[in-house]
Amino acid sequence: MLDMIQYKEIMTMSSYTAAMFCEIDSGIAVPNPVYTNIGKLYSNENFYRLINGLIEISGGIIVTMPSVEDLENRQNQRYIYKYLASMAPGEYRFNLLRLAKELAGSNLAGYMLTLMAHAEGSVEASKIGLLRGYNVNEARDMIRKILMPGD
């Protein structure tokens with residue numbers, strides 16, 4: 001859960017920061033390329049952790065669970081909801097597990113994993129974009145000040 005929270009908040013910080021420190025080009029605000037590429041890199045390199053975490057939390061039931069068609073039989077439905085019930089009602093847990101299955105155990109999951117690796121360009125392209133836009137001189141000057149405070 002903490003990986004999921006961290007992922008969401010880093011993505012939020014990256015997008016807000018990219019927008020707040022945008023560059024204006026011919027009157028059009030262009031998101032800051034450094035912060036944009038940091039978000040893209042983090043997203044691409046860590047998305048699989050979200051899927052893996054969801055699988056760990058959900059367990060194997062997301063690939064073996066009863067289908068929606070199984071619920072059409074009222075007796076099946078009663079037992080399915082009964083045995084899925086815990087502190088939450090069985091119907092709620094069934095729907096939650098269906099969502100987890102869609103996100104982590106379906107064709108959509110494979111699509112999303114591939115999309116994260118290739119949709120916005122490769123990870124290497126994001127790294128090149130980040131290095132192009134990053135002010136190395138600012139970092140170098142900060143290190144000099146730390147190492148040689150009197151200069």
Side-chain angles (χ1 to χ4, degrees), residues 1-71 80 83-84 86-151:
M1 293 279 298
L2 290 175
D3 284 341
M4 293 176 185
I5 293 167
Q6 179 180 336
Y7 185 91
K8 183 233 180 231
E9 294 304 329
I10 287 175
M11 296 311 299
T12 299
M13 288 187 308
S14 174
S15 62
Y16 284 165
T17 307
M20 290 176 62
F21 293 97
C22 66
E23 299 171 359
I24 306 298
D25 183 10
S26 301
I28 298 172
V30 178
N32 181 290
V34 170
Y35 300 125
T36 299
N37 281 300
I38 286 173
K40 284 173 49 180
L41 276 170
Y42 187 84
S43 172
N44 291 353
E45 292 176 342
N46 292 282
F47 184 73
Y48 74 93
R49 288 174 52 202
L50 291 183
I51 299 299
N52 188 52
L54 184 57
I55 291 167
E56 286 184 25
I57 291 168
S58 303
I61 192 169
I62 63 172
V63 293
T64 61
M65 65 186 286
S67 68
V68 175
E69 289 80 18
D70 290 327
L71 294 178
I80 291 167
Y83 291 109
L84 283 177
S86 63
M87 293 181 73
E91 182 177 6
Y92 176 82
R93 287 194 65 212
F94 180 82
N95 288 328
L96 189 59
L97 288 167
R98 277 184 51 214
L99 175 60
K101 179 177 183 165
E102 187 65 23
L103 294 173
S106 69
N107 290 339
L108 175 63
Y111 172 77
M112 290 188 313
L113 287 166
T114 304
L115 188 69
M116 293 307 291
H118 297 289
E120 298 170 357
S122 69
V123 169
E124 293 308 313
S126 294
K127 288 178 182 179
I128 290 168
L130 174 60
L131 288 173
R132 276 189 189 146
Y134 191 74
N135 185 349
V136 176
N137 294 330
E138 181 182 351
R140 185 185 62 226
D141 292 345
M142 187 178 357
I143 291 170
R144 283 185 179 154
K145 285 179 184 178
I146 292 169
L147 296 177
M148 299 178 277
D151 290 342

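Quick caveat: nothing in here was measured; it's all calculated off a predicted structure.
The shortest distance between side-chain heavy atoms of Tyr7 and Ser43 falls below 4.5 Å. Within the 4.5 Å cutoff, the side chain of Lys127 has no heavy atoms near those of the Asn37 side chain. With a 4.5 Å cut-off on side-chain heavy atoms, Cys22 and Val30 do not count as touching. Using a 4.5 Å cut-off on side-chain heavy atoms (C-beta onward), Leu54 and Met4 make contact. For the pair Ile57/Met1, a side-chain contact is recorded, criterion being any heavy-atom separation below 4.5 Å from C-beta on. In this structure the side chain of Thr17 never reaches within 4.5 angstrom of the side chain of Met20, judged on heavy atoms. Taking 4.5 Å as the limit, some side-chain heavy atom of Glu23 sits within range of a side-chain heavy atom of Pro33.
Considering every non-hydrogen atom in both Phe94 and Ile80, the closest pair reads CD1-CG2, 3.9 Å. Residues Ile38 and Leu130 approach most closely at CG1-CD1, 3.7 Å, considering heavy atoms. The two atoms that bring Val34 and Tyr134 nearest to each other are CG2-N, 3.6 Å, heavy atoms only.
Here Arg93 contributes atom CZ and Leu84 contributes atom CG; the two are 6.0 Å apart, rounded to the nearest 0.5 Å. Going from atom CD of Glu91 over to atom CG of Leu96 covers 12.5 Å, rounded to the nearest 0.5 Å. Note that CG of Leu108 is 5.0 Å distant from CD of Glu102, once rounded to the nearest 0.5 Å. Within the model, atoms CE of Met13 and OH of Tyr42 stand 9.0 Å from one another, a figure rounded to the nearest 0.5 Å. Taken to the nearest 0.5 Å, the CG atom of Leu50 stands 8.5 Å off from the CE atom of Met116. Atom NZ in Lys40 sits 10.5 Å away from atom OG in Ser14 (nearest 0.5 Å).
The 12-atom threshold is not exceeded at CG of Asn107, counting heavy atoms of other residues, nucleotides or ligands nearer than 6.0 Å. Applying the 6.0 Å contact sphere to CG of Leu147 captures more than 12 heavy atoms from other residues, nucleotides or ligands. More than 12 heavy atoms of other residues, nucleotides or ligands shown are found within 6.0 angstrom of CZ on Arg140.
Neither side chain, Arg49 nor Asn52, offers a donor N or O lying under 3.5 Å from an acceptor on the other. For the 3.5 Å distance criterion, the side chains of Ser106 and Tyr111 fail to qualify, holding no donor opposite an acceptor.
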Can you list the steps and then say if Ser15 with Tyr35 is a side-chain hydrogen bond (donor to acceptor under 3.5 Å, both in side chains)?
CA-CA 7 Å; Ser15 62; Tyr35 300 125; over 6 Å; no
Carefully, step by step, assess Met112 and Leu103 under the rule side chain to side chain contact (heavy atoms under 4.5 Å, CB included).
CA-CA 9 Å; Met112 290 188 313; Leu103 294 173; 4.2 Å; yes
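One N or O on the side chain of Asp70 and one on the backbone of Ser67 form a donor-acceptor pair closer than 3.5 Å. For Asn135 (side chain) and Glu138 (main-chain N/O), a donor-acceptor pair under 3.5 Å exists by modelled atom type.
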